[in-house]
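To start, the structure itself, in structure tokens.
Numbered from 1 within each chain, the chains take letters A, B, ... in sequence-line order.
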4 protein chains.
Amino acid sequence: MSKRTQILNASETVLATYGFYAFSMQHVAEAAEVAIGTIYRYFANKEALLCELNKFIREDAAAKLFNGWQDSLSAKEKYDLVWENAFHCVLSTPKRLTLIEMLHFVPNMHQTEINLFEDQTFKRLFDFYQQGIDSKRFLDWDLFALFSVSFDTSIALAKQVIRGRYEPNQTELKKVRDASWAIIQNPDFNQQD
Amino acid sequence: MSKRTQILNASETVLATYGFYAFSMQHVAEAAEVAIGTIYRYFANKEALLCELNKFIREDAAAKLFNGWQDSLSAKEKYDLVWENAFHCVLSTPKRLTLIEMLHFVPNMHQTEINLFEDQTFKRLFDFYQQGIDSKRFLDWDLFALFSVSFDTSIALAKQVIRGRYEPNQTELKKVRDASWAIIQNPDFNQQD
Amino acid sequence: MSKRTQILNASETVLATYGFYAFSMQHVAEAAEVAIGTIYRYFANKEALLCELNKFIREDAAAKLFNGWQDSLSAKEKYDLVWENAFHCVLSTPKRLTLIEMLHFVPNMHQTEINLFEDQTFKRLFDFYQQGIDSKRFLDWDLFALFSVSFDTSIALAKQVIRGRYEPNQTELKKVRDASWAIIQNPDFNQQD
Amino acid sequence: MSKRTQILNASETVLATYGFYAFSMQHVAEAAEVAIGTIYRYFANKEALLCELNKFIREDAAAKLFNGWQDSLSAKEKYDLVWENAFHCVLSTPKRLTLIEMLHFVPNMHQTEINLFEDQTFKRLFDFYQQGIDSKRFLDWDLFALFSVSFDTSIALAKQVIRGRYEPNQTELKKVRDASWAIIQNPDFNQQD
DNA sequence: AATGAATGAGAATTCATTCAT
DNA sequence: AATGAATGAATTCTCATTCAT
């Protein structure tokens, strides 16, 4: 693993452990097992490191999200895959969602840039929804309104697990997932089936 | 407004504006228009201030969430009220959700304490759901699984608005809200109606 | 003495002792017997401290230069006073000339600003020369050409003393001083006397 | 040009541009277009580099000062040559005087060593003055007192030009030069002429 | 109760120097 | 000989906290 990646991984670990509250270059250096000066060979300063970490995390998250995706899968299979990937992804790195939120506060990290970046990494998911809308398979709502009642439920549920409020249960999980799929279906279209 | 409240309000403002990144007692003192020393008359130290801020924000959020709640309202009316209150509450203080996440990282702020505190502030909502489950009006799922596909959609949608991805639209909003209500209804129960 | 002055004095001492080579805020703080943080209460940063030091030194030098000046003195008495003040001033703070040179290298310290400042502090001397030129008492040269062969000799001589090349000797000193006065006299004017 | 000379030249450039304030081995390496490690092949460390630079600058200055010097020239011609060489030398490398001053602050660079070195490089000029004194052509003053009212005026005038206070003018320049020559002549001796 | 100057530990950053290639 | 990545001590600067007024 390259020094750069080593440092980025260490940064995520430190941030997830201590938060910004105690995110120091010293801690990162120790966690990455490099000298402090080495960090500055790869990143101009703390701010730059955090910006790069932002991208790094989002890219990694996107990769995990689409793990197993094949164009040959049916729409429902694709949905199930992504919904479950998201659920497990949040659970496996429970602090990440918070990290992503926190990284919004890094100076010079602007929403529009982040959105552009997200557009690219989540393009496949956005396209999937847009096709559903265009083909009348899904309700004729705004894409992001559909999101909030379907895909986002996987994240909402995972958060309840993280908070210790909910024990994941395979059967019930499938029910939630299927309900979130059902809710966005266009009744008219499915009658045609 | 008491000096204490003045300081807590200023703290939220500073935190929402600069994040932890630049959350200093100096900034808080300036925003609250008091001397630094004065903060220490009301809060033992920075950590204590942040813990109190955590409670302060949650209490305020809870109050806003149940604004207009009356026991005489019907179940659906109660749901609509809370769903919409949550939606507008997130929109009116868009950084709050992140603040709440970030405050988890303050040392000596433990998940179990927070959960206990949340249990109290959101008791009414939890009870509302539990009654729905017990009376078979809602699906026989875990309370928090229900949450994730119903109430949580208001927050997911508000977040899309904050991200600039979605323009709130009264008609569509109601559709989302109603769909999130519909999805947790027990079909057997409603047939009885 | 105010803390600010304490710090400026200490800064000159440290700079004169170690040069920029080892001019650290730590050294200044120790020499001024204050905490490092205290320096930052009076000066925004190291650069600002050096800029203020520049002014401080120049003001002090100007005060010493004109010590004893009275409008009632004759032209020659005024010249002798300033020439000798300059000579002793350089000798009493032998590193100052170098400091002044070095301070030109502080970023954001620009020649035009310095000249404006010098114009004010040395105004009396410039006026004195200008009157000499206008009244035809002095040679009809450029003011600063006159300077270089008269007033500047006091500094050139003092530097030789500092370098250990020359032992000041009251009688000879007067000869140099008087020669430097003689050289700028306008022969035509003095014939009129 | 040898790598060593390349590095010394780059050192002067960097020093003249940024001062000690930002004189780093990194900057020198970039300016010299060599790798940092290469500097250490030619100079033991930064201090050694600066000491060598000191010599390098002084040797170069001495060479320029006596450029065109021939024993066959008359005393006045020699004086004019050196006076003007000095004047143009200061103007062509305006930061050098300050550099030389600043290099005094490099640790282990002692005044006596520097004087010894100067004695060698300026020997010709010192001898010239001493012969003038011995032959009664010049005033019977200390050598360095004579210096301050004659040769040093060329440097004083050049400094006024650097400061932007004076525009060099060929005719006037000669007047200043000649006046500085006239002032050190022994009237008794010249009557003999 | 309120103030804000003073403190100094700790964080970010720089940079001389080393050393494996 | 030449390179430049890696190091970590030293430096600048910040900021929580104290305390005399």
Determine whether C:Arg4 and C:Glu52 satisfy the following criterion, salt bridge (Lys or Arg N to Asp or Glu O under 4.0 Å), listing intermediate values before the conclusion. CA-CA 10 Å; C:Arg4 191 174 180 282; C:Glu52 293 299 305; 2.6 Å; yes
Dot-bracket encoding per residue of DNA chain E, Watson-Crick/G-U cut-off under 3.5 Å, | denoting interstrand: .||||||||||||||||||||
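Side-chain contact between C:His27 and C:Thr17: absent, with no pair of heavy atoms (C-beta onward) separated by less than 4.5 Å. Between A:Phe23 and A:Ser11 there is a side-chain heavy-atom pair separated by less than 4.5 Å. Contact annotation: the side chain of A:Ile114 approaches that of A:Arg58 to within less than 4.5 Å [non-hydrogen atoms, C-beta and beyond].
Under a 4.0 Å N-O distance rule, the pair B:Lys95/B:Glu12 does not qualify as a salt bridge.
The minimum heavy-atom distance between B:Ala61 and B:Arg96, with the atom names listed, is N-NH1, 3.9 Å.
Put simply, CD on B:Gln6 is 10 Å from P on E:dA2, counting in whole angstrom units. Note: CD (D:Glu47) to C1' (E:dC15) measures 16 Å, nearest angstrom. Distance OH (A:Tyr18) to P (E:dA11): 11 Å, rounded to an integer number of Å. Here E:dT14 presents its C1' atom at 9 Å from OH of A:Tyr40, a figure rounded to the nearest Å. Atom NZ of B:Lys46 is separated from atom C1' of E:dG10 by 13 Å (rounded to the nearest Å). The CZ-C1' distance, from D:Phe20 to F:dT11, rounds to 17 Å in whole Å. In this structure, D:Tyr42 atom OH and F:dA1 atom P are separated by 6 Å, rounded to whole Å. Atom C1' of nucleotide E:dT7 and atom CZ of C:Arg41 are separated by 11 Å, given to the nearest angstrom.
In terms of position on DNA chain F, the residue among B:His27 and A:Lys3 whose nearest nucleotide sits closer to the 5' end is A:Lys3. If B:Gly37 and A:Gln26 are placed on DNA chain E by their nearest nucleotide, the residue sitting closer to the 5' end is B:Gly37. Comparing A:Ser24 and C:Ile36 by the nucleotide of DNA chain E whose heavy atom lies nearest to each, the residue mapping closer to the 5' end is C:Ile36.
C:Phe43 comes within 4.0 angstrom of no nucleic acid atom, judged by non-hydrogen atoms across all strands.
Between the SG atom in A:Cys89 and the CG atom in A:Asp60 there is a gap of 7.0 Å [rounded to 0.5 Å].
In this structure, the nucleotide among F:dT3, F:dT7, E:dT7 sitting nearest to the side chain of A:Val34 is F:dT7. Proximity note for D:Asn45 (side chain, C-beta onward) versus E:dT17, F:dT17, E:dA2: the nearest is E:dT17.
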